[in-house]
Amino acid sequence: MVKASRQGIMDELLQMKQRMDTLYSESVKSVRHASAEAPEALWVPPTDVWETEEEWTAVLDLPGVDQTDLKVQIKGEVLTVSGRRNSRRRPFEAKAIQNERPQGFFKTRLMVPADAASDKVDAELCQGILTVRIPKISQNHKKITVGSA
């Protein structure tokens, strides 16, 4: 009777494993299908934005992203930075202990301020840090002194 119970437990565990394998493969298919047709962001890079009197600056952490896999564009009042970080392949027989570095497609959008010169944007990728500079439109207002009569 003890053997029958063990066999029953083993059968249940095997069925549970098969259900989990099916769930996993279906979820991977849906992610691959979504990214192939209309890529959705799988992660968003950490971003800092600041302002000086001369310009707006956005700095994004993009370690491991190649310049050829990066797209920076301004459309209307929105700055969009998107691209892909490809995963580093681990040996097939290696078992993952910890996976924290996001992989795949990323996208982030930032509102462009009204006083930004969107046609003069400068972007530079250096050591995994993307710096986007947007100069401010010159506000050369002439100061008018009001005199008395």
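Source: prediction; values computed, not measured.
Counting non-hydrogen atoms of neighbouring residues, nucleotides and ligands closer than 6.0 angstrom, the CD atom of Gln73 exceeds 12 such neighbours. Open room surrounds CD on Gln67; 12 or fewer heavy atoms of other groups in view lie less than 6.0 Å from it.
By the 4.5 Å heavy-atom criterion applied to side chains, Thr57 and Val49 are not counted as neighbours. You'll find the side chain of Val112 stays beyond 4.5 Å of the side chain of Val78, heavy atoms only. When side chains are defined from C-beta on, Leu79 counts as touching Val72, because their heavy atoms get closer than 4.5 Å. Residues Lys107 and Arg109 have side chains in contact (heavy-atom distance under 4.5 Å, counting atoms from C-beta outward). Side-chain contact check for Val132 versus Trp56: every heavy-atom pair is 4.5 Å or farther apart.
Look at Lys136 and Glu55 and you find no salt bridge, because none of the NZ, NE, NH1 or NH2 atoms lies under 4.0 Å from a carboxylate O.
Across all their heavy atoms, Ile134 and Ala116 have their closest contact at CG2-CB, 3.4 Å. Pro45 and Leu60 get closest at one heavy-atom pair: CG-CD2, 3.9 Å.
Residues Val59 and Val121 do not share a hydrophobic cluster, clusters being chains of Ile/Leu/Val/Met/Phe/Trp/Tyr side chains in contact below 4.5 Å.
Atom CZ of Phe105 sits about 11.0 Å away from atom CG of Asp69, to the nearest 0.5 Å. The distance from atom OG1 of Thr47 to atom CG of Leu62, rounded to the nearest 0.5 Å, is 7.5 Å. With rounding to the nearest 0.5 Å, the separation of CZ in Arg84 from CG in Leu42 is 7.5 Å. Atom CG of Leu130 and atom CD of Glu124 lie 9.0 Å apart (nearest 0.5 Å). The CD atom of Gln15 lies 13.0 Å from the NZ atom of Lys17; values are rounded to the nearest 0.5 Å. From Leu110, atom CG reaches atom OG1 of Thr80 across 8.0 Å, with rounding to the nearest 0.5 Å.
Within the cation-pi definition used here (under 6.0 Å to the ring centroid, within 45° of the axis), Arg101 does not qualify as a partner of Trp43.
Without hydrogens or angle criteria, Arg85 side chain to Pro102 main chain gives a donor-acceptor distance under 3.5 Å.
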